[in-house]
J.: 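Take this structure, written in structure tokens, and hold onto it; I'll ask about it next.
Note on naming: letters A, B, ... go to the chains in the order of the sequence lines (proteins, then strands), and numbering restarts at 1 for each one. If you're wondering where the values come from, they're calculated on a predicted model, not measured in any experiment.
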Amino acid sequence: MIYIQQTAAVFFKDFKSELRTRYAINALVMFVITTLSIILFSIGGERVSPDVLAGMLWVVIFFSAMSGLSRSFVSEEERGTTMTLQLLTQPAIVYFGKLLFNIVLIFSINTLVVTLYLLLIPLFVVQTTSIFLLTLVLGSFGLACASTIIAAIIAKANSKGTLYPVLSFPILLPLLMTVMNATKLSLDGAPFAEASGEFRVLVSYSVVLIAVSWVLFDYVWKD
Amino acid sequence: MKGKFWKIFLGVWLSIVIIVGMSLPMVPSPQSFFEFPIIPGLEEKARIIFFHVPTAWIAVIAFLMAMVNGIQYLRKNDLEYDIRSSSAAGLGLVFCVLATVTGAIWAKFNWGAYWNWDPRQTSIFVLMLIYGAYFALRSAIDIDEKRASLSAVYAIIAFVTVPFLVFIMPRMMTGLHPGSASDDGAGPVVDFSMDTPMYIVFISSLIGFTLLYLWMYELRVRLGKIELHYESLRSHD
């Protein structure tokens, strides 16, 4: 019970400081708008196939995650508050608090991305809504799991900004390939059962990453 | 791997493997011990298996060794394991590039293009990206101990997610590479329609390349230890 309370405390600390500075949210929203308008400019009046659009949706999501999700750890290092957090609580609690914060952040950003995408690109029509929604939920969850531990690693390194996508991409590739496939299925109007393999991959991917991060976070977090 | 005997033995061994692998004739139905069978669709190009598969094998083995030594470092906090880990990863990167390039050249003549995102090409590409990211991370951290523990953590995380790509996906998905799901042989890459002499040459090549890798690895670890010792002497002055 105490663990849950402390995890929630870490989460609300991050949440409140984010609401005060709005650093990540502002940057992310602008990033999403910029990327989407570039895509709209490049498409112009062309009839782009749904497969390409499904891929591009995840390109936007991947890069917006890469621009925002490292904040939770990098800001601790920049503000010099890492030591305080190390003294006050255990590594596992910090990890789960940050994970929770990143999950909330990526979910809100993805809601924005998908809403804008559906509104602005008329050719992007989802046929099987259940597949699309579940892909979005599981994909965002997996993305948060992978990027949290990588963010913890790069927060200790020198060139944080460029290193983050470089380190995350190989780890995220199995996830990205699976979600792109599932999104294509949802656009083609495949029945729900056809995407069950993809969902199993997504769930096991997240479980594996959370388990490994939980074990390894001690070594990353302690100086 | 110390002493002259091993070096000479390995040189002779690999020379024999290369000569035999390149020169023995390929015939439709091999009678004698000195003939390889013709594999339909591969013909003379099947000889790449003696050189390409061992390099790909070592690229993966080196990754495994980097990860295992990374775990040892996290457990024992001894920088020697970090030297072992990074030496293995450095050699792994070299062999990974070799496997990718030889594979791409083979693909040009067998499939008609150097690169066409076959599942196996994707997986070796991801392996190369991971090696690249590993060294990008290492060069971005100044403190030795921090560099060692963070790169060990990264190697472990990469190792638990990559099997999806390197081992499971190429065998599940249909692809052009021999040994993928749509291949009639359907089994692991090594036992598709090879006869005994070909199999012996293949295994000998695998052993030869692995020994070569271990020798290079030994050298790099020794060099790394000397560098570490030198650094510690300098910092005492």
Side-chain angles (χ1 to χ4, degrees), chain A residues 55 73 77 82 91 95 142-143 145-178 180-181 197-198 200-223, chain B residues 63 67 70-77 81-82 85 89 93 96 117 119 121-170 172-173:
Chain A
F73 281 103
E77 293 287 333
T82 317
Y95 170 71
L143 201 59
C145 295
S147 46
T148 306
I149 185 74
I150 304 289
I153 292 175
I154 62 126
K156 309 276 181 191
N158 291 334
S159 54
K160 303 178 195 345
T162 42
L163 211 52
Y164 194 40
V166 169
L167 291 193
S168 305
F169 181 64
I171 308 288
L172 278 172
L173 205 77
L175 176 103
L176 287 174
M177 289 166 90
T178 324
M180 280 176 186
N181 246 342
E198 267 80 9
R200 263 178 276 167
V201 171
L202 289 179
V203 170
S204 45
Y205 177 87
S206 306
V207 170
V208 164
L209 265 176
I210 290 180
V212 175
S213 316
W214 189 7
V215 174
L216 294 176
F217 187 72
D218 287 23
Y219 301 106
V220 181
W221 183 239
K222 282 183 205 148
D223 275 320
Chain B
F63 190 29
M67 195 246 347
I71 294 178
Q72 288 297 325
Y73 174 79
L74 292 181
R75 285 177 59 192
K76 300 192 175 143
N77 257 324
Y81 290 107
D82 181 52
S85 184
L93 179 62
C96 193
W117 296 111
Q121 287 185 321
T122 315
S123 54
I124 197 92
F125 175 66
V126 173
L127 195 59
M128 207 152 65
L129 279 183
I130 287 175
Y131 277 128
Y134 177 88
F135 285 106
L137 176 66
R138 287 186 73 87
S139 60
I141 309 167
D142 300 327
I143 307 157
D144 281 357
E145 283 76 15
K146 204 70 212 165
R147 184 197 306 134
S149 62
L150 288 183
S151 54
V153 167
Y154 186 71
I156 297 165
I157 294 173
F159 198 83
V160 295
T161 46
V162 162
F164 271 120
L165 283 155
V166 181
F167 297 111
I168 301 169
M169 208 187 64
M172 265 170 57
M173 285 174 64

J.: For Ala157(A) and Ile141(B), which heavy atoms make the closest approach, and how far apart are they?
T.: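 The answer is CB-CG1, 3.9 Å.
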
J.: Among residues 210-218 of chain A, which ones touch chain B with a heavy-atom distance under 4.5 Å?
T.: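 At a heavy-atom separation under 4.5 Å, chain B is reached by Val212(A), Leu216(A).
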
J.: Per the salt bridge (charged side-chain N to carboxylate O under 4.0 Å, His left out) rule, what does the pair list look like for residues 146-160 of chain B, sequence neighbours excluded?
T.: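 Listed by first then second residue: Asp223(A)-Lys146(B), Asp144(B)-Arg147(B).
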
J.: Out of Ile171(A), Leu172(A), Leu175(A), return the one with the most heavy atom pairs under 4.5 angstrom to chain B.
T.: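 The option with the most such pairs is Ile171(A).
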
J.: Taking atom OG1 of Thr161(B) and atom CG of Leu209(A), what is their separation to the nearest 0.5 Å?
T.: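 Between atom OG1 of Thr161(B) and atom CG of Leu209(A) there are 6.0 Å.
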
J.: Which residue out of Ile154(A), Val166(A), Thr162(A) racks up the most heavy-atom pairs below 4.5 Å with chain B?
T.: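 With the most close heavy-atom pairs to chain B, the winner is Val166(A).
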
J.: Can you confirm whether Leu173(A) sits close enough to Leu129(B) that some side-chain heavy atom of one is under 4.5 Å from a side-chain heavy atom of the other?
T.: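 With C-beta onward as the side chain, the pair stays apart.
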
J.: With a 4.5 angstrom heavy-atom cut-off, is it the side chain or the backbone of Leu163(A) that approaches chain B, or both, or neither?
T.: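 Contact with chain B: side chain only.
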
J.: Knowing that exactly one of Ile149(A), Val220(A), Ile150(A) qualifies, which makes a side chain to side chain contact (heavy atoms under 4.5 Å, CB included) with Tyr154(B)?
T.: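 Only match with Tyr154(B) under side chain to side chain contact (heavy atoms under 4.5 Å, CB included): Ile150(A).
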
J.: Of all of Ser139(B), Ala140(B), Ala133(B), Ala136(B), which one pairs up most often with chain A through heavy atoms under 4.5 Å apart?
T.: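 Among the listed options, the one with the most contacts to chain A is Ala140(B).
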
